[in-house]
Protein chains: 2
Amino acid sequence: MRTISPPVGLPALNETDLVGQVARRLTEAIVQGRLPPGSKVVEAGIARELGVSRAPVREAARLLEQQGLLVANPRRGFFVRQFAADDIDEIYDLRLCVERHAAVLAARNLTPETRDKLRRQIDVLYEMADLDDPARQVEEDYRFHRLICEIAGNRRMLRLFDDLASELRMVIGLIGRLYDDPHEIARTHEPVLAAIEAGHPERIVAHIDYHLGHAWREVGRLVREIPPWPAAAK
Amino acid sequence: MRTISPPVGLPALNETDLVGQVARRLTEAIVQGRLPPGSKVVEAGIARELGVSRAPVREAARLLEQQGLLVANPRRGFFVRQFAADDIDEIYDLRLCVERHAAVLAARNLTPETRDKLRRQIDVLYEMADLDDPARQVEEDYRFHRLICEIAGNRRMLRLFDDLASELRMVIGLIGRLYDDPHEIARTHEPVLAAIEAGHPERIVAHIDYHLGHAWREVGRLVREIPPWPAAAK
DNA sequence: CAAGTCTAAACTGTCGACAGTCGGCGATTA
DNA sequence: TAATCGCCGACTGTCGACAGTTTAGACTTG
């Protein structure tokens, strides 16, 4: 009778995770600009709107605070983070620093499978360009860079990337369309992959620098163009 | 799990910002090993011990979760994070990557004032060595490295450093004494400062690599020596 | 008409309560 | 004799309530 637990492949279900769900909804609203930068996040309001009590809303807010999407003012509540131009600089500075390293590590760990994943992801970028879907292209762009961090194999690095990305998403959601030529953006990923395949650390760093440096300047320019911030409601 | 949440010796607290205070107390208890890795953090128990309700305890726990000190198991509660040897590798890998960059930036921003701060911090390390106070020396060691991040001027980088440090503190609290010769550890900071003063990027990176690489190997060795983990008290 | 001043409404921080889940233990059954 | 069942207490997830604080707006006052 060596049958303790019959292993039937059933996916575990995680039903009520209110905190997580609230966090996701809030993030969505922020990224989509429905909660503009500087606006107050009224706990009771969100709670009522989502049909839950304030407790899970507060816990979700703490999460987003730690993630940098909200800032907490004691006794005054949570507010949607306002980004300044130098926030962009900070984020890209860190991204550059981390992604350089990630790419070098990724090259070291590269297998045929992971290489193909990167290749296919670039193809997806071309597809998005054809479909002219800027929002999804930005998302798929992140996915490419995230893949590099994933392949690098350092979970903390991956989390850091996700955190930075979620901050960037917010900014980019605000400035809307990012590039003029969506095919161009897909193309600029090619040399990065090529360098990783080649495996020369210097070349990898150089191409990452070039690629991200381009995005940095572009986003920086756009952010500076939209002076302070769009009417921080309330 | 017949446990009526045994007291961990947490003195009661008052005033406002309960969440922050609870978070600090919990961190303390974890770092000092009073809440050993793997142990369950019983909300009601902590709340009772600190003389507060469960709400602020939960919010503090979420904070520590995001910081990596706790892990949340839905419906089962929060548990003190258990570190494996490869966690050390991840943390030091990231630290190295970030601190290299920070040091180069710091060199660029160096002023006489900030230089003096670094100098004085090394002197403090010697003092701690004289006093033979390993715990405080480790703490002052962090402060030196933190100073570099501070001088670099990227707030996100600084926060990342703090997060990594708080994870490391936990590990180091567990392995106890870190180095045999506390004066040696103070001395090894000299070339780092010298390189930053000199301002040669390559030299800076080389010395940071050497310095942190040493710590990495040392901590890694010690962690591997203490095989699984000290009786994860339930 | 600008600058305070005061007051009521709106919110946050925290609490205690309650329903439902989890895990261990003894009883049960093959 | 060992796997399983069912029960019971401990604990989590969530809620509504309340006190104290902040804010917006009406009302004075110089």
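To find a chain, count down the sequence lines: A is the first, B the second, and so on, and within it residues start at 1.
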Tell me the interatomic distance from [X], atom [atom1], to [N], atom [atom2], rounded to whole angstroms.
X       : N      : atom1 : atom2 : result
B:Gln21 : C:dG13 : CD    : C1'   : 13 Å
A:Glu43 : C:dT14 : CD    : C1'   : 11 Å
B:Asn73 : C:dG23 : CG    : C1'   : 13 Å
A:Arg58 : D:dG13 : CZ    : C1'   : 16 Å
A:Arg75 : C:dT12 : CZ    : P     : 12 Å
A:Phe78 : C:dT12 : CZ    : C1'   : 10 Å
B:Ile46 : D:dA10 : CD1   : P     : 17 Å
B:Leu50 : C:dG13 : CG    : P     : 19 Å

Just N and O in the side chain of [X]: are any of them under 4.0 Å from OP1 or OP2 of [N]?
X       : N      : answer
B:Ser53 : C:dT14 : no
B:Arg76 : C:dG23 : yes
B:Lys40 : D:dA10 : no

Options C:dC11, C:dC15, D:dC15, nucleotide nearest the side-chain atoms of A:Val52: D:dC15

Regarding the side chain of B:Val42, the nearest nucleotide among D:dC15, C:dC22, D:dT12 is D:dT12

State, without any angle test, whether A:His101 and A:Asn154 hold a side-chain donor-acceptor pair at a distance under 3.5 Å. no

A:Arg224 with A:Asp89: basic N within carboxylate O range, under 4.0 Å: yes

With a cut-off of under 6.0 Å to the ring centre and 45° to the axis, is A:Arg95 in cation-pi contact with A:Phe161? no

Least distance between heavy atoms, B:Ala23 atom then B:Ala60 atom: N-CB, 3.7 Å

May I ask you to verify whether the side chain of A:Arg54 and the base of C:dG13 hold a donor-acceptor pair under 3.5 Å? yes

